[in-house]
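Numbering starts at 1 and runs along the sequence shown. We use all heavy atoms of the structure for the numbers below, so side chains are in, but hydrogens, waters and symmetry mates are not.
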Amino acid sequence: MSDTATEAFVAHRNLLFTVAYEMLGSAADAEDVLQETWLRWSGVDLGVVENPRAYLVRITTRQALGRLRTLGRRKESYVGPWLPEPLLTTPDVADDVELADSVSMAMLLVLETLTPTERAVFVLREVFDVAYTEIAEAVGKTPAAVHQIAHRARAHVAARRPRGAASPGETRDVLEAFHRAVRTGDLQGLLDVLSPDVVFLGDGGGVVQAVLEPVMGAARVAPLLAASRPARDDTATMRTAHVNGHPALILRLDGVLDTVVALRVEDGLITGLYAVRNPEKLSRMEEETALRR
């Protein structure tokens, strides 16, 4: 493997990971895709590569598409709701508003409703501004077909993405109020920050206890949270952190990472709560992950 090829891969590694993660919602699978990309890149004749970044993105996209179809089959047998794998992200991700929005738990769940090809086209075009001709090569479609897919995917996402999404500062304020209410078991405090139609999702993967169906409505979600372990257990500690580019809560019991709670905030109220407890999905929460566009 030449030094030039190695340097190119290393230079674009964070970008490639971000592409794969946004397509898959799984850091573990994104890392596998990067390994496959590296193996294929190592066999490429660099003399025919005009743009290493575009070439590497193309390889990564193709590998991620294959992995995405496999993931779809795995999710069919998943116990309870499936949530994306949370990432402890570097502070600069939050500074890039578009990138932070694209990797938020809420947006990744919206992307789950797209077909694999629609997801690839949307991510490459809307997040990374890849040219239609390059996307066409990556997904094996004509540029005209990619235009149509992109239009369809944009309309699909626009109908489902958060409206009136909060600024990072507003999200922090809501998170702090939510944090206090959960820590003290303050039912009224929870009702004050939860939207009447809030949705709570828990992901235990059948490995640890979690709600197996979405819990909907503040009247049901607030009592559930007020009676939760953080309000009753002296060994429970919670802190705020940047998760997927947004403020979130990290819960530890006896010092051991137990749950990551991400929020969707709209118009000053929490409309979505995403609690990831599956230990297999918490490995990227001990050190920061750098994401790039």
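- Leu39 meets the side-chain contact (heavy atoms from CB on, under 4.5 Å) test with no other residue; sequence neighbours excluded.
- Under the 4.0 Å criterion applied to side-chain N and carboxylate O atoms, Arg183 and Glu176 are not assigned as salt-bridge partners.
- Annotation: side chain to side chain donor-acceptor pair (under 3.5 Å) contacts of Arg40 (sequence neighbours excluded): none.
- The salt bridge (charged side-chain N to carboxylate O under 4.0 Å, His left out) test applied to Glu134 returns no partner, not counting sequence neighbours.
- Counting non-hydrogen atoms of other residues, nucleotides and ligands closer than 6.0 Å to CG of Asp234 gives a total of 12 or fewer.
- For Arg180, there are no salt bridge (charged side-chain N to carboxylate O under 4.0 Å, His left out) partners at least two apart in sequence or on another chain.
- A cation-pi arrangement is found for Arg58 relative to Tyr55, the charged atom lying closer than 6.0 Å to the ring centre and inside a 45° cone about the ring normal.
- A side chain to side chain contact (heavy atoms under 4.5 Å, CB included) with Leu253 holds for exactly one of Leu257, Leu251, Val256; it is Leu251.
- Checking side-chain atoms of Asn244 against main-chain N and O of Leu87 turns up a donor-acceptor pair under 3.5 Å.
- Pairing each heavy atom of Thr117 with each of Leu65, the nearest pair is N-CD2, 4.0 Å.
- By the salt bridge (charged side-chain N to carboxylate O under 4.0 Å, His left out) test, Arg161 is found to be paired with Asp101, residues two or more places apart in sequence or in another chain being considered.
- Asp95 meets the salt bridge (charged side-chain N to carboxylate O under 4.0 Å, His left out) test with no other residue; sequence neighbours excluded.
- Arg264 contributes no side-chain N or O that, together with a main-chain N or O of Tyr274, makes up a donor-acceptor pair within less than 3.5 Å.
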